[in-house]
There are 2 protein chains.
Amino acid sequence: MDRHRDKADQKFQRKALQVQEAQARVMQYAKPLGTEEVPLSQCCGRVLAEPLRAPHPFPAFNRSGMDGYALRAADTLSCHAGEPVWLEVIDNIPCGAVASAEITEGTAARIMTGAQVPKGADTVVMIEITESRESDGKSYVGLRKPQQAGSNITPVGFELQESELVLPAGRTIAAGDIAVLAAFGSPVVKVQRRPKVAVFATGTELLEVDEPLQPGKIRNSNSPMLEALVREAGGEAVILGAIADDLELARSRVQMALENYDLVITTGGVSVGDYDIMGDLVREKSGEMLFNKVTMRPGSVTTAAVRGGKLLLALSGNPGASFVGFHLFARPVISLMLGTERPLLPEMSAFIGTDYNRVNNFTRFVRARLEIRDGMLHAYPAVIDESSVMVTIKDSDCLIVVPPEARGLKAGDKVKVLKLPGELRRQE
Amino acid sequence: MDRHRDKADQKFQRKALQVQEAQARVMQYAKPLGTEEVPLSQCCGRVLAEPLRAPHPFPAFNRSGMDGYALRAADTLSCHAGEPVWLEVIDNIPCGAVASAEITEGTAARIMTGAQVPKGADTVVMIEITESRESDGKSYVGLRKPQQAGSNITPVGFELQESELVLPAGRTIAAGDIAVLAAFGSPVVKVQRRPKVAVFATGTELLEVDEPLQPGKIRNSNSPMLEALVREAGGEAVILGAIADDLELARSRVQMALENYDLVITTGGVSVGDYDIMGDLVREKSGEMLFNKVTMRPGSVTTAAVRGGKLLLALSGNPGASFVGFHLFARPVISLMLGTERPLLPEMSAFIGTDYNRVNNFTRFVRARLEIRDGMLHAYPAVIDESSVMVTIKDSDCLIVVPPEARGLKAGDKVKVLKLPGELRRQE
């Protein structure tokens, strides 16, 4: 079959690239697009544009870790069970307050968890092991055991020193990062601008999602899926609708999109057939073809071109192939436009859960489901992974990479998987 | 130290619950809140309220998997290399079109990938292995090899039969699910209403994020973090600000919040100290205390109460403890309000990456970072995991569960981990 494909490839002047080389070609046109400031409450999921360095040590003061008494450890050295040491309580320091007096020999301050330890004190004693008494209108705290200096105090800078790197530029801000951004006083956060990504589908067979089914036609599922995938990748998606198989119309709409958006993704129209619109379009002189065939399954007809510095990615119209093509080519481009340092899908090794025998001379990206059992990662290939198949997309959380030289895989073999974004679909 | 804590617990009538029992107590008050319809483009990340069953088989028609000719396999049985069979091409079927004629003996139709196979045809032959000729104004396709019936045709219902379950109710809609929702004609999707979650912080030590640092004070990092965590869990967060340590004010504001929101979360004010506002509040008669101590570290003082059927979760004010408390108690509640079937954090086993020796008689939830290496899952405990520590939150993607009976863990020991939501922070 591949021999016959090769014949067609000659006809359409397709030269197949390895996936890595194809990725490199598109990725060189993906540069960060600039920055913008957003309120802290809106920055989760955005990419940090500047590193966050601690503007002050954290904690910023010696902090009490207990409700108790702040005092000088030296004052407790002489105490023992029979004969407590009594220290005069000269202050009461709730959280957020500042001590009114320094702790000197023979004195202590009542202090709350989280409050600033007063000057002079070098230890905090938890309230539960103290005694108290009143005398002459004064309060005293009694201790029966010597205390160690430094106990129950979190010293200045325990977590972070001033100017220490807290969050690097290029980091996708997660919920846990919000805490440090807040703690260091970032009501607005400088983030990378999201790339605006235009999504087209091509094909006269396409119905809108709200249209009733008609014989021979299918609803356009690729555009809504790509819209969701673009957003998941951190971009802003704009669905520009389906283009019927009309070369003039396709040309003008795609050119307009390339002028107005940071990236244009199309699906469909890249096959070797009579109605191969996107193929015709990128073969024209006004743009540079980066590749029009990749040694991969599904999606070998994936095509990329650049016009005026803007990328056009023409993915296969097959749902499975466009899903895989998005993750291998479009997502890294969007990631680089967002200034992230690791644009490619995370690669990991796993044990394949079942035998897998579909091999040919192209690298295969098999939709699969990860399971973690007993501390080991198992990857189960989807039962049907034809490029045309849509339903297995929804249950996949990784792609198993089956190289062409693999002559069939046995259950338990170690394989390379690319983790898809999002939560694992199922656990032990 | 725990002996002393026990003394304090008696004073405040705290009876410690196991985590599981505490989770069960709050989860019984968490019920789905109703449904709403959202446009397909807005449903990603929402929870599906009704199962999606295939309204028609998918594909809905016999679909050509190739650009080529649709014909009857029986017509090719007599052909061989020396003597091709010639069939009259009576139709041309692009994608989305319907055949104008039935295929009968001796005829064929030109057909495109994705087009509906015409009646009478039972196989599609790829164009690359055919020949063609014209004669008397008619077109003929020539074949030199017998073809198998069924080749290159994806039959009706190959992926899904009519009324087959596609997506179950309670599923969080991911990008890949959008494709099937679109394909089956769901321009609007019925999803669960998001719970409205009020977030309070308590403490006179708290500054707003945009305030300059002041001696003894800290910026309120818990509220922004909880806002992000609530959203990540699928809820709508409303920050109601910080309450100073004033019992009357706290009471009225929390009561108002319980009337207007589906869930109220507070941080701070649950310690055993003099300014223990939330403790006082839930100890009052008007609400039912569910628990005010849990046998866990961090966050043993986590408190839950119910008033008028609404839950109040009072988390520790310590950043690490409030982060863990949110994931163990608030997130499952939000998940159940969203109708998801697995509200708890996914549990898996992993190998601990380093020795870990901090054990006591409470179960410890240690912030940790997962690494997948060589098909195995390794969990590295944060270097400092005091409950008061904030910075390790940002680098954690799981919690290692260290049971009280564990007498120190050695690197390589198998441990139970709870996967936190979101992407893995780092891979091999």
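Worth knowing before you read on, the calculation uses all heavy atoms, side chains too, and leaves out hydrogens, waters and symmetry mates. Chain A is the first sequence line, chain B the second, and so forth, proteins listed ahead of strands; every chain is numbered from 1. Remember, it's a predicted structure, so these values are computed and weren't measured experimentally.
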| query | Once you round to the nearest 0.5 Å, how far does CG of Asp374(B) lie from CZ of Phe351(A)? | reply | 6.5 Å
| Quick one: what part of Thr392(B) sits under 4.5 Å from any heavy atom of chain A, side chain, backbone, both or neither? | neither
| request: Pick one of side chain, backbone, both or neither for Ala183(B), based on which atoms fall under 4.5 Å of a heavy atom in chain A. | output: both
| message | Which atoms of Val98(B) are under 4.5 Å from chain A, going by heavy atoms: the side chain, the backbone, both sets, or neither? | response | side chain
| message | Measuring only between side-chain heavy atoms, which start at C-beta, is Leu424(B) closer than 4.5 Å to Lys419(A)? | response | no
| query | Hey, which of Leu160(A), Asp210(A), Val391(A), Ile393(A) has the most heavy atom pairs under 4.5 Å with chain B? | reply | Val391(A)
| message | Is Ala97(A) close to chain B through its backbone or its side chain, or both, or neither, when contacts mean heavy atoms under 4.5 Å? | response | backbone
| note | Value for CG (Leu40(A)) from CE (Met225(B)), rounded to nearest 0.5 Å, stands at 12.0 Å
| said: What I'd like to find out is whether the side chain of Phe184(A) reaches to under 4.5 Å of the side chain of Val209(B), using heavy atoms alone. | reply: no
| Nearest-0.5 Å distance, OG of residue Ser186(B) to CZ of residue Arg219(A) | 8.0 Å
| message | At a 4.5 Å cut-off on heavy atoms, which part of Thr172(A) comes close to chain B: side chain, backbone, both, or neither? | response | backbone
| request: Find the one option among Glu211(A), Arg231(A), Glu232(A) whose heavy-atom pairs under 4.5 Å with chain B are most numerous. | output: Arg231(A)
| note | Applying a strict 4.5 Å limit to non-hydrogen atoms, the region of Asn220(B) in contact with chain A is backbone
| task | With the side chain counted from C-beta on, respond yes when Met376(B) and Leu377(A) share a heavy-atom pair under 4.5 Å apart, and no when they do not. | result | no
| field | Atom group of Val188(B) that falls short of 4.5 Å from chain A, counting heavy atoms | value | neither
| field | Interface moiety of Leu229(B) toward chain A, non-hydrogen atoms closer than 4.5 Å | value | both
| field | Partners meeting salt bridge (Lys or Arg N to Asp or Glu O under 4.0 Å) with Lys416(B) (sequence neighbours left out) | value | Glu347(B)
| said: For the backbone of Cys95(A) and the side chain of Glu205(B), can you confirm whether one donor and one acceptor N or O come within less than 3.5 Å of each other? | reply: no
| said: Would you say that more than 12 heavy atoms from the other residues, nucleotides or ligands in this model lie under 6.0 Å from the NZ of Lys414(B), or not? | reply: yes
| Any Glu227(A) side-chain heavy atom under 4.5 Å of Ser41(B) side chain | yes
| note | Counting heavy-atom pairs under 4.5 Å with chain B, the top scorer among Ala350(A), Ala228(A), Ala175(A) is Ala175(A)
| message | Nearest 0.5 angstrom please: Asn222(A) CG to Ile178(B) CD1, how far? | response | 13.0 Å
| task | Using a cut-off of under 4.5 Å on heavy-atom pairs, state which of Leu206(A), Asp177(A), Ile173(A) scores highest against chain B. | result | Asp177(A)
| task | Counting only heavy atoms closer than 4.5 Å, note whether Pro319(A) contacts chain B via side chain, backbone, both or neither. | result | neither
| task | Would you mind checking which part of Leu167(B) comes under 4.5 Å of any heavy atom in chain A, side chain (CB onward), backbone (N, CA, C, O), both or neither? | result | side chain
| field | Pick from Val117(B), Thr154(B), Leu213(B) with the largest number of heavy-atom pairs that fall under 4.5 Å of chain A | value | Leu213(B)
| query | Among Gly176(A), Gly68(A), Ala179(A), which residue forms the greatest number of heavy-atom pairs with chain B at distances under 4.5 Å? | reply | Ala179(A)
| note | So CD1 of Ile218(A) and CZ of Phe61(B): to nearest 0.5 Å the spacing works out to 6.5 Å
| What pair of heavy atoms forms the shortest contact from Ala182(A) to Pro224(B), and how long is it? | CB-CG, 3.7 Å
| request: Could you tell me whether a side-chain N or O of Glu159(B) sits under 3.5 Å from a main-chain N or O of Met390(A), the two making a donor and an acceptor? | output: yes
| query | What option among Pro215(B), Gly45(B), Ala60(B), Ser396(B) has the most heavy-atom pairs under 4.5 Å with chain A? | reply | Pro215(B)
| said: For chain A, which candidate among Gly185(B), Cys44(B), Ala115(B), Ala237(B) shows the most heavy-atom pairs at distances under 4.5 Å? | reply: Gly185(B)
| field | Sidechain-backbone polar pair: Ser349(B) side chain, Gly375(A) backbone, donor-acceptor under 3.5 Å | value | yes
| Any side-chain heavy-atom pair of Glu423(B) and Pro421(A) under 4.5 Å | yes
| message | Nearest 0.5 angstrom please: Thr204(A) OG1 to Met112(B) CE, how far? | response | 9.5 Å
| request: With a 4.5 angstrom heavy-atom cut-off, could you sort out which part of His56(B) is near chain A: side chain, backbone, both or neither? | output: side chain
| query | Quick one: does Lys394(B)'s side chain get under 4.5 Å of Arg171(A)'s, heavy atoms only? | reply | yes
